[in-house]
Amino acid sequence: MNELIVLSDVSDGTAVLTLNNPARRNALSAELMVALTHAIESASENPGVRVIVIRANGPVFSAGHDLRELVGHEQTEYEAVFEICTELMTVIRTVDQPVIAEVHGLATAAGCQLVAACDLSVASEDAKFATPGVNIGLFCTTPGVAVSRAVPRKKAMEMLLTGEPISAGEAERAGLVNRVVPAEELEVTTRALAERIASSSGETIKLGKDAFYRQIEMDTDAAYRFGQSKMVENLGKVDAKEGIQAFLDKRKPKWST
Amino acid sequence: MNELIVLSDVSDGTAVLTLNNPARRNALSAELMVALTHAIESASENPGVRVIVIRANGPVFSAGHDLRELVGHEQTEYEAVFEICTELMTVIRTVDQPVIAEVHGLATAAGCQLVAACDLSVASEDAKFATPGVNIGLFCTTPGVAVSRAVPRKKAMEMLLTGEPISAGEAERAGLVNRVVPAEELEVTTRALAERIASSSGETIKLGKDAFYRQIEMDTDAAYRFGQSKMVENLGKVDAKEGIQAFLDKRKPKWST
Amino acid sequence: MNELIVLSDVSDGTAVLTLNNPARRNALSAELMVALTHAIESASENPGVRVIVIRANGPVFSAGHDLRELVGHEQTEYEAVFEICTELMTVIRTVDQPVIAEVHGLATAAGCQLVAACDLSVASEDAKFATPGVNIGLFCTTPGVAVSRAVPRKKAMEMLLTGEPISAGEAERAGLVNRVVPAEELEVTTRALAERIASSSGETIKLGKDAFYRQIEMDTDAAYRFGQSKMVENLGKVDAKEGIQAFLDKRKPKWST
């Protein structure tokens, strides 16, 4: 049996998770979403993993939900599908390691949500992004939760109301994508970005990623109070002490995490 | 008597509402704002209307509040003017149909707010946008409510503090405008955008537009919980069942709404 | 003794505050931050000051916290440093006058936060912006509070997770900077922007700046209710009455504030 999610070697600190159901355009079936959630959690628990990359086999990054699961079933089954989907998106935000989407081809509906939900994303020039639920009578409301927190409001509305794809360049200008590169440079660019992050202290990245998503939901005064406490907590960590001392000593730091 | 708001034919599903007081630069007098609010509500209640476009006659889209209403009156009268203005902006956000601003010439102060408050906007290359209240000692605070939710914070502050106009291109890059086209293509581009949206299921668009503006005010976890419930609600609608089945059957859907 | 903060002549309504510790790369030591906070408050209390500009001497705008204060001390001392830092950023947001950052060279960590916390910013083409705390094991969490409220979420995350600098052009596209100009035009451009703002009524700018930062934390309905009350309050001010009447009379207004 083919695995829905393939985990590549993590020798360089980067766990690469590949969506591997190209015949189904990497549809986010409940089974695949559960497998991806578990693969992320499992990679996250591996102390050697410092960054997680999500990529895909086949011409399409991901076409979103498996529509066969969204017609002719009981309401409780639908509820389960979206609960699983939200759990996946939430795990990406809450695991210790940064998660980078490496996107080629089409990322649509919940596939576009997956990109928006990652901490960072790199796209090939051919990539396209869409929330085309309106074409099938099912508004991309949950993809919109992630997309509207990544791009300006009117751009999110345009994607959601028209369902039309935007190019990688438009996605970059809007804030959905961090970098756009030729297809042949997609993997190496993503890996270089991952290695850059993997060269930092694990506990620093963990503390910072968690704090970022917490403070951004607060009003500015509360965010500063919370942020101050996190800075002080960070200074109590062994890697901060080492990092600052190394800087003052003009030498490279040695991270313990 | 000339109508302040002219409603064009809606045979294609698009109700076009034209601000029609060019001699007064389409100032948003209380009378005009009430007329526009009623015209939007009336269009919205017409089952044949799937999209609403707001455009303007004359060289200026809208110069904002009628200043004669903002000097020499009682405080209660001022309160009434801004209550009417907020009601107009709120109706745009809460009617079932998407509302598109079709902008040429100048959109200033509350006229700029009107553009920012619409779901989408299309502008001609000559269009300019400004919140110039500082020039008359009246900071554009309520326009700023809409503008600061459409564009990055420092760009909003720059517009508000300097009062200087930005070009259509700058407005597009900032997120205030979705598309910029030559003046002679403004109408056809807006109409094509409207028709694209009008080709979707009305109940899907209604559910999605409402859910979008509700979820964007929530923290991410709450937004996902709310979004999940909306996806399940959407799946219970006849048009979603038809749309998904049509997709699986590789045929065009027939919307009932 | 050299002053850490130099106040330039305010004859044109603009108080220019210069970070003046180039030998220490204008590090935001507790002493310098307190001096800058006091200088801002003092300038703000001068009735002749209508705009405040923050610039720097030497090749670096500011390298952020003085790291000697962040290693080998008691936790209460760290808490004091970040309390002082937040107070500085909060004073910038809450003083009556707009504060403009005039940035050349490097603005890193809390130095980047300082730029993000200003109402507006102008940068020379050579300027670079970074939140490089990850390089020393100390995530830029508090700088991230300001940066993530100025730029799109994924761009903020990229800066925070990689620590790599972005160019002035990237900073402008992301929303961190309002204008980018050749180094030799930096001062004159910033001064022209300041003079533009200084030509407006002081009480109008004060009311508007305060209202802007309050409404942006609210949900849209609450923001409109609050904004309406501020518009009515603004109309009761002498400068609004003068400004509107002058506009209707087609003459230049004479501000009393």
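Chain identifiers are assigned alphabetically (A, B, ...) following the order of the sequence lines, protein sequences preceding nucleic acid strands; residue numbering begins at 1 within each chain. For the numbers below, each heavy atom of this structure counts, side chains included, while hydrogens, waters and symmetry mates do not.
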Side chain, backbone, both or neither: which part of B/R153 has a heavy atom under 4.5 Å from chain C?
both
Would you mind checking if [Y] and [X] are paired as a salt bridge, meaning a charged N to carboxylate O distance below 4.0 Å?
| X | Y | result |
| --- | --- | --- |
| B/E170 | B/R173 | no |
| C/R214 | C/D210 | yes |
| C/K237 | C/D239 | no |
| C/D219 | B/R149 | no |
| C/R179 | B/E158 | yes |
| C/E203 | C/K206 | no |

Residue part contacting chain B, namely of [X], when any heavy atom lies under 4.5 Å:
| X | answer |
| --- | --- |
| C/L193 | side chain |
| C/K209 | both |
| C/L248 | side chain |
| C/T257 | neither |
| C/S229 | neither |
| C/R225 | neither |

Select, from [options], the one with the greatest count of heavy-atom pairs under 4.5 Å involving chain C.
| options | value |
| --- | --- |
| B/K154, B/R68, B/M157, B/H73 | B/K154 |
| B/V71, B/T162, B/I216 | B/T162 |
| B/M89, B/E79, B/E164, B/Q75 | B/E164 |

Contact summary for B/P22 and B/G58, nearest pair of heavy atoms:
CB-CA, 3.8 Å
In terms of heavy-atom pairs under 4.5 Å with chain B, which of [options] leads?
| options | value |
| --- | --- |
| C/M231, C/K241, C/K230 | C/M231 |
| C/S200, C/S201, C/A246, C/G236 | C/S200 |
| C/I197, C/N178, C/V151 | C/N178 |

Derivation of the side-chain hydrogen bond (donor to acceptor under 3.5 Å, both in side chains) call for B/N57 and B/N20
CA-CA 5 Å; B/N57 279 339; B/N20 187 39; 2.9 Å; yes
